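See below for the structure under consideration.
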Amino acid sequence: MRRPECRPMTQTPTAPNGAPGEARAFFTVPAKHPMVTVLGSGDSLLRVIERAFPGTDIHVRGNQVSAVGDASEVALIQRLFDEMMLVLRTGQPMTEDAVERSIAMLREETGEETAETPSEVLTQNILSSRGRTIRPKTLNQKRYVDAIDKHTIVFGIGPAGTGKTYLAMAKAVQALQSKQVTRIILTRPAVEAGERLGFLPGTLYEKIDPYLRPLYDALHDMLDPDSIPKLMANGTIEVAPLAYMRGRSQPVFANVLTPDGWRPIGSLGVGDLVIGSNGEPTPVLGVYPQGERDIYRVSAQDGSWTLCCGEHLWTVRTASDKRRNKPWRVLETQDMIGNLRAAHARRYELPLLTAPVAMPEREVPMDPYALGLLLGDGCITGNITPMFATADAELVTSLEAALPGVKVRHHNAYNYFLNRVPAPGEPGSRVPNPVTTALRSLDLIGTRSHSKFVPDDYLYNSAEVRLAVLQGLLDSDGGPVTQKDRTCRIQYATTSILLRDDVIALVQSLGGVAYTRRRKAEGRAPGKANGRPVVHRRDAHIVDIRLPEGIEPFRLARKRDAYHAAGGNGRPMRFIDSIEPAGREETVCIQVAAEDSLYVTQDYLLTHNTLNDAFIILDEAQNTNPEQMKMFLTRLGFDSKIVITGDITQVDLPGGTKSGLRQVREILDGVPDVHFSALTSQDVVRHKLVGRIVDAYEKYDSANEQRTGRNGK
């Protein structure tokens, strides 16, 4: 921007009618700017300038302003008019307040070339809404706003009326509108009620409304009031007391998947590993006990379920989100209650593992594919030599190849014995069958079709081992199910409840979904075996399976070919089916280091506690205790920003409780990407008297501290 036209200041040892050292400057206002815009209505702006420079004579003739007085003061006046013209050229009017603040900024200039000028401060627009523009009004406010742009965590500390929360709110709305974040979260501690709001009359929203009213008021200044309820209903804007922010938790006994298997979430500690959405281990960064809370059972349509509190977070998307290529959204459990259906369809889709769970490889006594075949069609009661039944010669060959030292010998019809092959020169003494030995070590000897199971050493092994077991089970007791004009699904049948659940776990651990139903034995027509009827003695469990692309479910050629000929399996999907109250339980929440903050909970459901892609504002932070401050800061997710505001002179905490805002600077000062912005009474943008009151209290407190110190001595 070009500087305004003005004559250079001239200085003489003795001005024509003045004392030595005086200087004279002339400023010419371009004709396109009416003098009233520079001097103000009724010369109000000129009077502000004259009061600020009482030792300088300022005269106006036509469109020319002259100043005579001390050289430094005259230089400041000339700078002031230059800055005023730069502001006016943007179309923004000058006010008495803006002139006073410009003078204060010019007097406080450090002389650095990079120092912000009044015109830069007063013309920095943050947000335009409903015919008004929100912008910083002081140098410290501009530096505060710039810090929010440059840093992930910013503390705005200063007295009331300095615009800390209002400017942070404007930056949050700006970030939401420019799609830098997908949600805004606004919170403040409700210490006046001890964060125990239950005794207050009215609904929850009526109870917390007085504590959050300043945040609501700021929102209504910056957004269309009609849009705010909709944004809050869909979770784009969340306004809640800090006590409700922290409770994104699960019961202490809820299972979380670790590389070594399932563990209760209450047993986890910082540094322990859990499984993230990419199937890889991710460390726990924080563990926060939450006390007793109301619990809900969240169930998906495939029968999977887990327990959590009403504020627990879920990553979901709707059919509309998918159709419009929108990102996944994050909603609380309670936000979805009563809103689970869109017409007759389930509304909220849940994410699935993007890759099979990576678990450490364990040494196993038997080839996993061979184990799957024997669990499907093997006789391993221990009463006779292990047997295998099949009509597929290919499976006989594959089983024999997978069992070294074993010969698969045809017995009769479709039955084969698994005989040990004696080694050359082996003595005639009795040597155990290696298949029997391996099965005995796995506690499988003696199991029958209704009591078989997959041992833990295979369930919690590498993805290759788990897939091989599943392929053996599907090659023996499963197969593709083709339907016209539909993708091919995979079906598996067993009379063992344990084996049913293990097959479901194998499928889910590979990123798939499995649906189960029971086919009752009672009333079913008998089957046929060699022409004779065979009565069904036990209920059958049918498992319908969908696996992600790239996971091959079959090794048996005829099943594999039929599966691919039908176009494969289609995309596995999982939707929330119901959310129901499940009592009250002791709860805990964890924070994990995964980029999307997701971790695997019961039935391989993905959930999380931290806040990604969010602009989070903690207001009145002086009323947090150190534990609350740590809890809040560690909620930070990826691609998020946190602004914390407060006034350390107005702490309302119970006696003896230390303010988390006072302590946090000692802890985080110097930490990269964390910035502390200090605002003072000079930055108060309310009534001028507020700034004077703040100064008076500071002066009184300072004097009182000095008196106390002298008396103490």
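Heavy-atom basis, side chains included; hydrogens, waters and symmetry copies ignored. These numbers come from a predicted model, not from an experiment.
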Contacts of type side chain to side chain contact (heavy atoms under 4.5 Å, CB included), residue Ala147, not counting sequence neighbours: His151, Val154, His675, Ser677
Looking at residues at least two apart in the chain, or sitting in another chain, which of them share a side chain to side chain contact (heavy atoms under 4.5 Å, CB included) with Thr165? Leu215, Asp619, Thr645
When you look at Thr333 and Trp314, which way does the side-chain contact (heavy atoms from CB on, under 4.5 Å) test go after all the steps? CA-CA 7 Å; Thr333 306; Trp314 294 91; 3.0 Å; yes
I'd like to check the side chain to side chain contact (heavy atoms under 4.5 Å, CB included) partners of Ser66; sequence neighbours left out, ordered by chain and number. Phe26, His59
From CA spacing to verdict: side-chain contact (heavy atoms from CB on, under 4.5 Å), Ile642, Phe615: CA-CA 6 Å; Ile642 285 179; Phe615 197 115; over 6 Å; no
Salt bridge (charged side-chain N to carboxylate O under 4.0 Å, His left out) partners of Asp57, counting only residues at least two apart: none
Of all residues at least two apart in sequence or in a different chain, which pass the side chain to side chain donor-acceptor pair (under 3.5 Å) check with Asp43? none
Taking Ile77 as the fixed residue, which of Asp82, Ile58, Val65, Leu106 is the one that meets the side chain to side chain contact (heavy atoms under 4.5 Å, CB included) rule? Ile58
Contact between Tyr599 and Thr282 at the side-chain level, heavy atoms closer than 4.5 Å - yes or no? no
Closer than 4.0 angstrom, basic N to acidic O: yes or no for Asp146 and Lys150? no
Nearest-0.5 Å distance that lies between atom SG in Cys589 and atom CD in Gln290: 4.0 Å
When the ring planes of Phe155 and Phe676 are compared, do they come out parallel, tilted or perpendicular, using 30° and 60° as the limits? parallel
Between atom CG of Asn140 and atom OG1 of Thr162, what is the distance when rounded to the nearest 0.5 Å? 9.5 Å
Shortest non-hydrogen pair, Val287 vs Val270, comes out as CG2-N, 4.0 Å
Side chain to side chain donor-acceptor pair (under 3.5 Å) partners for Asn625, two or more places apart: none
The side chain to side chain contact (heavy atoms under 4.5 Å, CB included) partners of Arg662 (sequence neighbours excluded) come to Ile648, Val651, Ser659
Where at least one partner belongs to residues 159-180, residue pairs that pass salt bridge (charged side-chain N to carboxylate O under 4.0 Å, His left out), sequence neighbours excluded: Asp149-Lys171
Side chains of Thr607 and His312: any donor to acceptor distance under 3.5 Å? yes
For atom NZ of Lys142, decide whether the heavy atoms of other residues, nucleotides or ligands shown that lie under 6.0 angstrom number more than 12. yes
For Gln663, all residues meeting side chain to side chain donor-acceptor pair (under 3.5 Å), sequence neighbours excluded: none
Apply side chain to side chain donor-acceptor pair (under 3.5 Å) to Glu627 and list each qualifying residue two or more places apart in sequence or on a separate chain. none
Filter on salt bridge (charged side-chain N to carboxylate O under 4.0 Å, His left out), then keep only pairs touching residues 669-678, sequence neighbours left out; what's left? none
Taking all non-hydrogen atoms of both residues into account, name the closest pair between Ala621 and Ile644 and its distance. CB-CG2, 3.3 Å
So, using salt bridge (charged side-chain N to carboxylate O under 4.0 Å, His left out) as the criterion, who are the partners of Glu292 when residues are at least two apart? Arg584
Can you name the nearest heavy-atom pair linking Asn623 to Asp652, along with the distance? OD1-N, 2.6 Å
I would like to know whether Val643 and Ile616 meet side-chain contact (heavy atoms from CB on, under 4.5 Å); could you show each step before the answer? CA-CA 6 Å; Val643 178; Ile616 312 159; over 6 Å; no
Between Glu311 and Arg293, does at least one N-O distance fall below 4.0 Å, as a salt bridge requires? yes
From Thr138 atom OG1 to Arg143 atom CZ, the distance as rounded to the nearest 0.5 Å: 9.5 Å
Please confirm whether Arg135 makes a cation-pi placement over Tyr166, using NZ or CZ under 6.0 Å from the six-membered ring centre and within 45° of the ring normal. no
Ala172 and Ile617 have their tightest heavy-atom pair at CB-CD1, 4.1 Å
Distance check, rounded to the nearest 0.5 Å: Leu167 atom CG versus Lys137 atom NZ? 9.5 Å
What are the two closest heavy atoms between Ser249 and Thr587, and how far apart are they? OG-OG1, 3.2 Å
Leu80 vs Met84, test: side-chain contact (heavy atoms from CB on, under 4.5 Å). Steps then yes/no. CA-CA 6 Å; Leu80 173 64; Met84 289 174 63; 4.0 Å; yes
So does Gly40 get a backbone contact from the side chain of Ser44, meaning a donor-acceptor N/O pair under 3.5 Å? no
Could you verify whether a donor N or O on one side chain and an acceptor N or O on the other, from Thr649 and Asp647, lie under 3.5 Å apart? yes
